[in-house]
Amino acid sequence: MKKIMSIATILVMVLLSVSCDKYDVSCSVPIFDGLTITPDQCNANDEVKITLNIKSPGKNAYIYESVFVIYNGSKEVSRTTLSKNEFNLNYNTYKIKAPKTPGTYTISILPRISFTAGNVIYPTNQPSEQKAKLVVLDDEE
């Protein structure tokens, strides 16, 4: 019985040391490559898909919220804060209705990230704001 307990104890110790060695606590920021707007020209009130292009998902990082803004020139038209359940590294597309007034708009998404491991603490190393243009056509064009 002592022999079985000794072997069991050794196995448990080996398993614990192996599992601890494989825990990765390093972190890196996701790298984004702009936005894709589909379609990038539309009529007023048409549905438009905005996709955040992810070049690299980073390591042990996640988007906890994103600020979505529509600008007409330098004037802010609307601002929405999206939770991690609405917009994240796995679900990186957001649908909107195009503005009602014809013109060229700037669509902006500012993802905010946090980390699940390591010693990097939010809000350090935040990714930059991602932007793209949306043209809302006059119905007569």
Side-chain angles (χ1 to χ4, degrees), residues 1 3-141:
M1 184 71 166
K3 189 175 184 179
I4 293 174
M5 289 301 285
S6 296
I7 293 172
T9 303
I10 291 170
L11 284 174
V12 168
M13 296 297 276
V14 168
L15 288 174
L16 286 175
S17 67
V18 168
S19 66
C20 291
D21 290 342
K22 291 187 179 188
Y23 184 67
D24 186 2
V25 295
S26 62
C27 299
S28 65
V29 177
I31 299 170
F32 303 121
D33 191 24
L35 302 176
T36 300
I37 300 177
T38 310
D40 61 354
Q41 291 188 9
C42 63
N43 293 316
N45 288 323
D46 282 356
E47 186 175 86
V48 178
K49 284 189 339 183
I50 293 104
T51 302
L52 177 63
N53 301 322
I54 301 170
K55 193 172 187 177
S56 166
K59 191 172 191 181
N60 293 323
Y62 67 96
I63 296 174
Y64 71 89
E65 76 175 16
S66 295
V67 180
F68 174 79
V69 184
I70 300 175
Y71 296 97
N72 185 351
S74 61
K75 181 183 175 197
E76 188 176 301
V77 175
S78 71
R79 175 180 290 262
T80 306
T81 300
L82 306 173
S83 75
K84 66 182 176 185
N85 297 324
E86 297 173 287
F87 192 83
N88 55 57
L89 292 171
N90 296 316
Y91 186 72
N92 58 328
T93 298
Y94 185 63
K95 293 180 183 178
I96 64 164
K97 291 268 187 192
K100 296 177 183 179
T101 307
T104 300
Y105 294 85
T106 300
I107 307 296
S108 163
I109 292 180
L110 180 58
R112 291 300 193 193
I113 63 164
S114 192
F115 300 96
T116 58
N119 59 3
V120 180
I121 300 172
Y122 145 83
T124 62
N125 301 327
Q126 291 295 317
S128 62
E129 181 177 32
Q130 303 297 303
K131 296 180 180 180
K133 297 287 183 194
L134 171 65
V135 176
V136 178
L137 304 170
D138 191 345
D139 288 337
E140 297 170 7
E141 288 183 21

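In this text the structure is predicted, and so the values were computed from the model without any measurement. The figures here come from the full heavy-atom set of this structure, side chains too, leaving out hydrogens, waters and symmetry mates.
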Asker: Has Glu65 got a side-chain atom pairing as donor or acceptor with Ile63's backbone, closer than 3.5 angstrom?
Answerer: no
Asker: Hey, could you give me the CZ/OG1 distance between Arg112 and Thr81, rounded to the nearest 0.5 Å?
Answerer: 10.5 Å
Asker: Output, in order, the C-alpha distance, side-chain angles, deciding distance and verdict of side chain to side chain contact (heavy atoms under 4.5 Å, CB included) for Ile50 and Leu134.
Answerer: CA-CA 10 Å; Ile50 293 104; Leu134 171 65; over 6 Å; no
Asker: Please examine the side chains of Ile96 and Thr80, heavy atoms only from C-beta on, and report whether any two atoms are closer than 4.5 Å.
Answerer: no
Asker: Search all heavy atoms of Pro127 against all heavy atoms of Pro30 and return the closest pair with its distance.
Answerer: CB-O, 4.3 Å
Asker: Could you tell me the separation between the NZ atom of Lys131 and the CD1 atom of Ile109, rounded to the nearest 0.5 Å?
Answerer: 12.5 Å
Asker: Are Thr51 and Thr38 close enough that some pair of their side-chain heavy atoms sits under 4.5 Å apart?
Answerer: no
Asker: Counting only N and O atoms by type, is there a donor-acceptor contact under 3.5 Å from the side chain of Asn92 to the main-chain atoms of Leu52?
Answerer: yes
Asker: With heavy-atom distances below 4.5 Å as the criterion, would you say the side chains of Ile54 and Phe32 are in contact?
Answerer: yes
Asker: Rounded at 0.5 Å granularity, tell me how far OH in Tyr91 sits from CG in Leu82.
Answerer: 10.0 Å
Asker: Would you check, one step at a time, whether the test side chain to side chain contact (heavy atoms under 4.5 Å, CB included) holds for Asp40 with Lys133?
Answerer: CA-CA 7 Å; Asp40 61 354; Lys133 297 287 183 194; over 6 Å; no
Asker: With respect to Tyr105, which candidate in Val135, Asn72, Val48, Ile37 satisfies the side chain to side chain contact (heavy atoms under 4.5 Å, CB included) definition?
Answerer: Asn72
Asker: Search all heavy atoms of Lys55 against all heavy atoms of Asp33 and return the closest pair with its distance.
Answerer: CB-CB, 4.3 Å
Asker: Looking only at the side chains, is there a donor atom on one of Ser108 and Glu129 sitting less than 3.5 Å from an acceptor on the other?
Answerer: yes
Asker: To check you understand the geometry: which heavy-atom pair defines the closest contact between Pro39 and Glu47, and what is its length?
Answerer: CD-O, 4.0 Å
Asker: So does Lys59 get a backbone contact from the side chain of Ser28, meaning a donor-acceptor N/O pair under 3.5 Å?
Answerer: yes
Asker: Return the minimal non-hydrogen interatomic distance between Gln126 and Pro111, and the atom names on each side.
Answerer: OE1-O, 3.8 Å
Asker: Any chance you could measure Thr93, atom OG1, to Phe87, atom CZ, to the nearest 0.5 Å?
Answerer: 7.0 Å
Asker: When you check the side-chain N and O atoms of Ser78 and Glu76, is any donor under 3.5 Å from an acceptor?
Answerer: no
